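Not measured: the values here are computed from a predicted model.
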Amino acid sequence: MTLTGIGQILFYLFILLLCVKPLGWYMAKVYRGKYIGLKFLLHPLEKWIYRFCNIRPHQEMHWQQYLFAFLFFNLFGLLLVYALQRLQFYLPLNPQAFPNVPPDLAFNTAASFITNTDWQAYSGESTLSYFTQTTALTVQNFLSAASGMALLIAFIRGITRQNTKDIGNFWVDTIRGILYILLPLALAFSIILTSQGVIQNYKPYEKIHLLQPTTQTEQIIPMGPAASQIAIKQLGTNGGGFFAANSAHPFENPTSTTNFLEMLALLLIPAALCYTYGALVKDKRQGWAILLAMLLIFIPCAGLDYYAEQSKNPQLTSLNLHTNKNMEGKEIRIGVANSSLWATATTASSNGSVNAMLDSFTPLGGLIPLILLHLGGAIFGGVGSGLYQMLLMIIITVFVAGLMVGRTPEYLGKKIEPFEMKMACCAVLITPFIVLLLTAITTLTTSITGTHGFTQILYTFSSMVNNNGSSLQGLDVNTPFYNVLGGIAMLIGRFWIAIPILAIAGSLSQKKNIPATSGTLPTHTLLFILLLISIIIALGALTFFPALALGPIVEHLLFWGNNAHQ
Amino acid sequence: MHTNKKIIKIAIRDALFKLAPQHQIHNPIMFTVYIVSILTTGLFLQAVFSKGDAPANYIFAVSLCLWFTLLFANFAEAMAEGRGKAQAESLKKSRRDIQAKKLSKASRTAKITLVESNELHAGDLVLVEAGDFIPSDGIVIEGVASLNESAITGESAPVIRESGGDRNSVTGGTQVLSDWLIISITANPGETFLDTMIALVEGAKRKKTPNELALTILLTALTLIFLFVCVSLLPFSIYSSIASGTGKVVSITTLVALFVCLAPTTIGGLLSAIGIAGMDRMIQANIIATSGRAVEAAGDIDTLILDKTGTITLGNRQATEFIPAADVTITELADAAQLASLADETPEGRSIVILAKEKYGLRGRSIEELGASFIPFTAETRMSGANLPGRQIRKGAAEAIEAYVKQFSGTIPEFVKKNIETIARKGGTPLVVAEGAKILGVIHLKDIIKGGIRERFARLREMGIKTIMVTGDNPLSAAAIAAEAGVDDFLATATPENKLSLIRRLQAQGHLVAMTGDGTNDAPALAQADVAVAMNTGTQAAKEAGNLIDLDSNPTKIIEVVEIGKQLLMTRGALTTFSIANDIAKYFAIIPAAFAATYPELNALNIMHLATPESAILSAMIFNAIIIIFLIPLALLGVKYKPTTAAKLLRINVLVYGLGGLIVPFIGIKLIDLLLTLI
């Protein structure tokens with residue numbers, strides 16, 4: 001590890017933390033219905049949308065209605081994205097005349113983008129038209145992010161309200177999230193990106209004559225409206241790149257400035273939402289405590305990943321090739337520190353965009369992103385979805401810790417009773433179950449062999465079920481098997497968890513608030529944070545420890561034991 | 001000690017009986033262990049008779065560990081039940097069949113038919129006389145009698161039961177010592193207090209409480225997760241055996257061992273024992289909980305409503321000071337006060353005599369020798385006193401004495417009036433003493449705060465529990481007592497109505513309220529409170545409204561109730577934490593052992609340096625089973641509870657059970673492994 005590298009990581013964290021309070025404060029205002037600054041511009045538009053869509057903004061919903069709206073909205077999105085891909089040949093803005101996307105891939109991609117996963121079994125520049133990219137994918141990047149945030153806000157209302165079944169209006173929460181938070185941020189960000197050289201055009205692909213012709217004399221350079229999609233893919237924890245190489249591609253991530261800003265955007269909203277949470281529950285310490293818990297897991301992971309990638313490759317040493325770091329699969333202009341930091345941030349948040357090829361990371365360097373996936377996206381996680389998964393973990397921690405202080409466990413004045421526990425368990429059970437099930441099926445049926453093959457399969461399903469979207473690119477996943485199974489896995493990973501989340505919100509909102517006394521378990525202390533971290537690790541990492549032992553851990557031991565099987 | 005041995009003997013027998021599937025299915029965690037035990041036993045038989053999943057002796061050892069895990073869990077539950085059962089036996093003895101004298105109407109002379117007590121129904125009228133046993137629960141409608149209630153309370157001092165008022169309820173199984181009663185039966189067969197108590201101590205009627213249910217859900221979820229983990233390891237292992245080229249697949253027996261070690265069997269096995277033991281601790285404290293829910297709710301209480309009299313103060317006021325009028329000596333006043341109280345049998349009166357004797361050396365004299373006649377207290381005059389030859393001494397409330405001296409054209413001097421006010425302001429009761437028209441001075445009667453109660457309230461405050469004193473006194477004296485006793489708040493000039501509305505108001509603010517009561521007029525408030533402790537001496541209405549009944553009728557005991565409730569929850573939490581923390585060490589024991597054949601490199605994870613894969617797996621399993629036995633005393637006695645803030649409690653318990661749970665198995669497994677290697 002170099003001093004510059006560590007310095008860059010620390011600088012990144014510093015800037016990220018600087019943004020938490022102002023953005024978090026602003027988002028809290030938005031979700032309270034108090035618009036600042038942008039009111040005169042956007043309020044008429046907001047009102048027009050309500051009128052046009054026949055939404056009564058003051059009509060609140062019970063949790064079942066909220067859930068129905070959420071599911072209906074996403075089902076509509078799923079069908080639309082599927083249809084646009086299946087019909088893209090007949091639609092405009094298709095200068096390369098790409099054919100219609102095959103059904104299994106179209107289903108996988110539609111499921112992927114409505115679930116905020118952005119798993120890409122397709123290759124952007126050779127499969128999708130500009131029309132599909134912008135109207136299907138970019139639009140869903142906004143919608144899936146905003147609806148994830150809406151769910152979080154509904155959950156927070158469950159905590160703060162009492163004696164009511166109302167947890168807000170899904171349409172209002174979603175529209176406000178898009179209009180006042182995602183659109184302005186994405187607009188500003190895409191303008192900055194364009195200024196740095198990220199392309200934004202609708203031109204046909206360009207044919208370029210090579211300066212140093214080899215067997216070939218010309219190369220096709222893909223074009224397209226990249227900047228608008230990249231801004232939201234980073235901000236909305238989506239991660240679906242315009243080009244297959246994602247942010248390793250110079251048109252997506254041309255300079256060190258764009259690299260820094262795109263990396264900042266990975267964690268910007270998830271981190272700031274912690275502050276929003278504190279503000280909305282009227283106890284800022286709670287928000288800071290959550291952020292601290294996230295950082296206490298994130299920072300060691302980032303450090304360890306950087307350490308792993310900065311070490312020499314013993315396999316190359318044995319071939320008398322001396323390297324002092326693992327540069328395979330990394331952009332020279334980005335370097336090890338920023339590649340490993342990005343890898344950690346993109347898997348901690350459920351973003352999944354990459355600026356280096358994760359498959360080429362050392363076993364230990366690849367283990368960290370995999371563990372972060374297994375922590376259920378609770379460490380930063382997706383916009384909205386990360387924090388509500390974290391709140392599930394808090395509910396479970398509060399339960400165990402609350403018993404230890406001799407009270408019926410309560411969180412922020414709300415009792416945690418069998419119903420909440422049942423729902424929380426439903427939510428946390430499903431991810432390991434689906435990941436292990438699909439990995440088991442695949443290992444028994446696959447033609448892939450080798451220890452790393454197991455890691456690749458495990459990573460693939462971990463990424464999809466946890467709605468991350470990053471991948472170990474060595475595995476060819478554009479097959480009907482992976483497309484269909486993976487598509488279903490992504491839908492379950494997103495929507496199965498949404499049900500218990502809203503059910504808990506609905507149950508909590510009906511409960512009375514118990515005033516805090518010195519007999520109440522404090523949930524902002526360092527001890528509680530450490531306990532929370534232990535529970536997250538116990539539930540996330542312990543579940544996958546045996547699988548990891550047969551994958552990256554044994555790979556690591558083999559790697560350093562000079563005894564590679566692959 | 002002898003009874004303990006007997007309990008253990010019975011518990012060992014019961015542990016075997018409890019292996020029946022219909023019993024096991026009640027506990028989802030242990031039921032999965034039960035299923036895999038049968039599976040492994042099947043694998044063992046397969047290995048004996050044909051080619052097995054693993055060497056037969058290894059499978060045998062694993063299945064033995066599994067069955068012992070189950071037996072130990074059963075034993076824990078049987079032990080917890082054992083203590084209750086012993087108590088139930090003695091209670092059952094009091095439920096002998098009693099010949100009841102059923103009356104045709106509510107009169108002692110009415111026609112009597114003899115019926116068996118178990119044929120009595122609610123509404124029947126029975127006569128009981130000296131020497132009879134009360135056939136069933138009921139209300140006294142006529143008569144006064146002394147009863148021996150030791151069968152229920154363990155207290156052999158006789159108690160008085162009479163019709164009307166707050167002492168009219170009788171319990172089946174108790175014995176009439178003198179006189180007679182006519183009782184209206186209130187319970188149908190099988191629903192009497194004694195029946196309820198027997199069922200409760202036997203644990204037969206035990207339903208899972210909300211917290212226990214929530215914990216069972218969490219533990220079941222964890223069990224399911226680990227089940228997925230272990231099942232999925234089989235395909236992973238098959239894949240890895242090809243990937244590594246060694247071709248060695250993990251045995252099903254090993255996966256079963258891994259599963260049982262990871263599943264929260266420690267807490268799962270002890271869960272019902274903890275619940276039963278919690279109820280049992282209530283019974284030890286002579287409190288009958290009508291449901292386990294009430295015991296748990298006691299732990300959640302954050303507001304305690306306490307009656308002043310009998311709980312915070314001793315029942316009676318006592319004279320503490322004589323304050324003479326300007327021209328009277330203190331001895332003169334003391335002498336007059338004593339004379340006026342010589343024949344006064346009220347506690348207040350007696351305390352005046354004693355004060356005069358102790359402080360001024362005035363011996364009590366016989367009222368006859370002095371030729372005096374005693375004037376008793378009446379509601380009309382509101383004074384008492386004595387008429388001696390030539391002297392008329394009176395003592396009473398200021399207004400009453402003022403009216404009395406007025407007839408001799410006397411008044412209360414300003415100086416005395418000032419003293420009266422001072423005493424009232426301090427929360428005391430001023431008694432004015434007069435002889436004829438002359439005011440001699442004031443006696444200060446004071447509420448005596450029970451010893452140690454202030455410290456107890458301070459501890460409650462630290463636990464986050466607010467105390468509210470309820471009294472019929474005026475706000476001024478109430479405030480003074482409240483300040484002296486150190487309660488947080490008080491309700492003065494209390495009536496049943498404003499007591500009830502106080503509870504409702506507190507509950508609306510989200511508080512959980514506990515209170516004690518014994519009178520019929522307490523019943524509405526008791527029914528409204530979240531935890532209501534009714535005194536056993538109280539009325540039937542109060543007992544029905546309460547969810548806990550204190551057989552000792554000690555109003556201060558509610559504080560213990562809270563502590564027992566908290567201890568119950570803490571024990572569950574602590575053992576859950578311990579159980580989960582144990583998994584780390586077990587992983588490090590089993591994973592390298594299970595997959596070392598596939599990938600020898602994984603031996604790097606064998607950080608405990610366990611001897612062989614078999615010994616590693618068996619050590620983890622033996623540890624997993626034995627830890628249940630080691631934790632039985634903790635489950636039965638509960639974790640140590642010290643009243644303090646939640647933050648401190650958490651720190652202590654996380655340190656002991658969290659960190660302890662992390663470290664202990666590393667040591668335990670290593671030690672067992674060393675022992676196994678020696679064998």
Side-chain angles (χ1 to χ4, degrees), chain A residues 396 399-409 413 416-418 420-422 424-425 428-429 432-433 436-437 439-441 443-444 446 449-451 453-454 512-515 517-522 525 527-528 531 534 538-539 542-547 549-550 553-554 557-558 561 563 565, chain B residues 210-211 213-215 217-218 221 224-225 228-229 232-233 235-240 242-245 258 296 299-300 302 461-466 509-512 565-567 569-570 572-574 576-577 580 583 587 591 595 599 601-602 604-605 641 645-647 649-651 653-654 657-658:
Chain A
I396 291 173
F399 184 78
V400 176
L403 285 180
M404 275 199 284
V405 303
R407 281 270 286 261
T408 294
I416 307 299
E417 288 173 297
E420 287 76 30
M421 219 51 216
K422 217 181 283 176
C425 286
V428 297
L429 264 179
F433 176 67
L436 292 172
L437 178 74
T439 309
I441 292 174
T443 49
L444 289 181
T446 186
T449 55
T451 312
F454 178 74
K512 274 189 300 195
N513 243 320
I514 302 166
T517 67
S518 63
T520 313
L521 173 82
T525 58
L527 182 66
F528 182 82
L531 210 55
S534 317
L539 280 178
L542 279 189
T543 315
F544 289 100
F545 183 74
L550 293 176
I553 293 178
V554 79
L557 295 168
L558 292 168
N563 195 8
H565 285 273
Chain B
N211 272 315
L213 200 62
L215 182 57
I217 292 166
L218 176 66
L224 278 176
I225 289 185
F228 306 154
V229 169
S232 68
L233 269 178
F236 294 175
S237 172
I238 293 170
Y239 177 95
S240 298
I242 302 165
S244 67
L258 177 62
E296 264 180 14
D300 293 347
D302 61 2
R461 196 166 309 118
E462 211 180 347
M463 284 156 69
I465 297 172
K466 198 171 124 180
Q509 290 163 9
H511 293 286
L512 282 158
K566 284 196 180 293
Q567 209 185 14
L569 296 183
M570 277 168 53
R572 283 196 199 126
T576 306
T577 312
I580 297 174
D583 279 2
Y587 260 135
I591 292 293
F595 297 105
Y599 288 113
E601 292 80 5
L602 280 175
L605 296 179
Y641 177 69
T645 59
L649 276 178
L650 184 66
R651 203 175 317 140
N653 286 329
V654 166
Y657 299 98

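Proximity to chain B (any heavy atom under 4.5 Å) is restricted, for A:L444, to the side chain, taken from C-beta onward. For B:T645, the parts lying under 4.5 angstrom from a heavy atom of chain A are both the backbone and the side chain. For chain B, the nearby part of A:L531 is the side chain; its heavy atoms alone come within less than 4.5 Å. With a threshold of 4.5 angstrom between heavy atoms, A:A538 approaches chain B through side-chain atoms but not through N, CA, C or O. Looking at B:Q567, there are no atoms closer than 4.5 Å to chain A (heavy atoms on both sides), in backbone or side chain. Both the backbone and the side chain of A:T443 come within contact range of chain B, each with at least one heavy atom under 4.5 Å from a heavy atom of that chain. Proximity to chain B involves both the backbone and the side chain of A:F433, based on heavy atoms less than 4.5 angstrom apart. Contact annotation for A:S534: neither backbone nor side-chain heavy atoms come within less than 4.5 Å of a heavy atom of chain B. The parts of A:L521 that come within reach of chain B are both its backbone and its side chain, each placing non-hydrogen atoms under 4.5 angstrom from that chain. The part of A:I396 that comes within reach of chain B is its side chain, from C-beta onward, which places non-hydrogen atoms under 4.5 angstrom from that chain. At a 4.5 Å heavy-atom cutoff, the contact between A:L539 and chain B is made by side-chain atoms alone. Interface remark: B:A604 contributes side-chain atoms only to the contact with chain A (heavy atom separation under 4.5 Å). B:L650 touches chain A through backbone and side chain together, each having a heavy atom under 4.5 Å away. Residue contact with chain A, scored on non-hydrogen atoms closer than 4.5 Å, involves the side chain of B:D302 exclusively. In this structure, the portions of A:P546 lying under 4.5 Å from any heavy atom of chain B include both its backbone and its side chain. Only the side chain of B:I238 comes within contact range of chain A, with heavy atoms under 4.5 Å apart.
A donor-acceptor pair under 3.5 Å is formed between the side chain of B:N653 and the backbone N or O of A:M404. No donor-acceptor distance shorter than 3.5 angstrom exists from the side chain of A:K512 to the backbone of B:G510, with no hydrogens or angles considered.
The closest side-chain heavy-atom distance from B:T577 to B:V654 is not below 4.5 Å.
Among B:L213, B:L258, B:L512, B:T576, the residue with the largest count of heavy-atom pairs under 4.5 Å with chain A is B:L213. Between chain B and the options A:A549, A:P522, A:P515, heavy-atom pairs under 4.5 Å are most frequent for A:P515. Each of B:I591, B:D583, B:L602, B:L649 has some count of heavy-atom pairs under 4.5 Å with chain A, and the biggest count is that of B:L602.
Between atom CG of residue A:L550 and atom CZ of residue A:F544 there is a gap of 13.5 Å, rounded to the nearest 0.5 Å. One distance of note links OG of B:S237 with CZ of B:F595; it measures 5.0 Å at 0.5 Å rounding. Put simply, CD on B:E601 and OG on B:S244 are 8.5 Å apart, with the number rounded to the nearest 0.5 Å.
Between B:F236 and A:F454, the two ring planes are perpendicular [angle over 60°; tilted spans 30° to 60°].
Note on B:E296 versus B:R572: salt bridge recorded, some NZ/NE/NH1/NH2 to OD/OE distance being below 4.0 Å.
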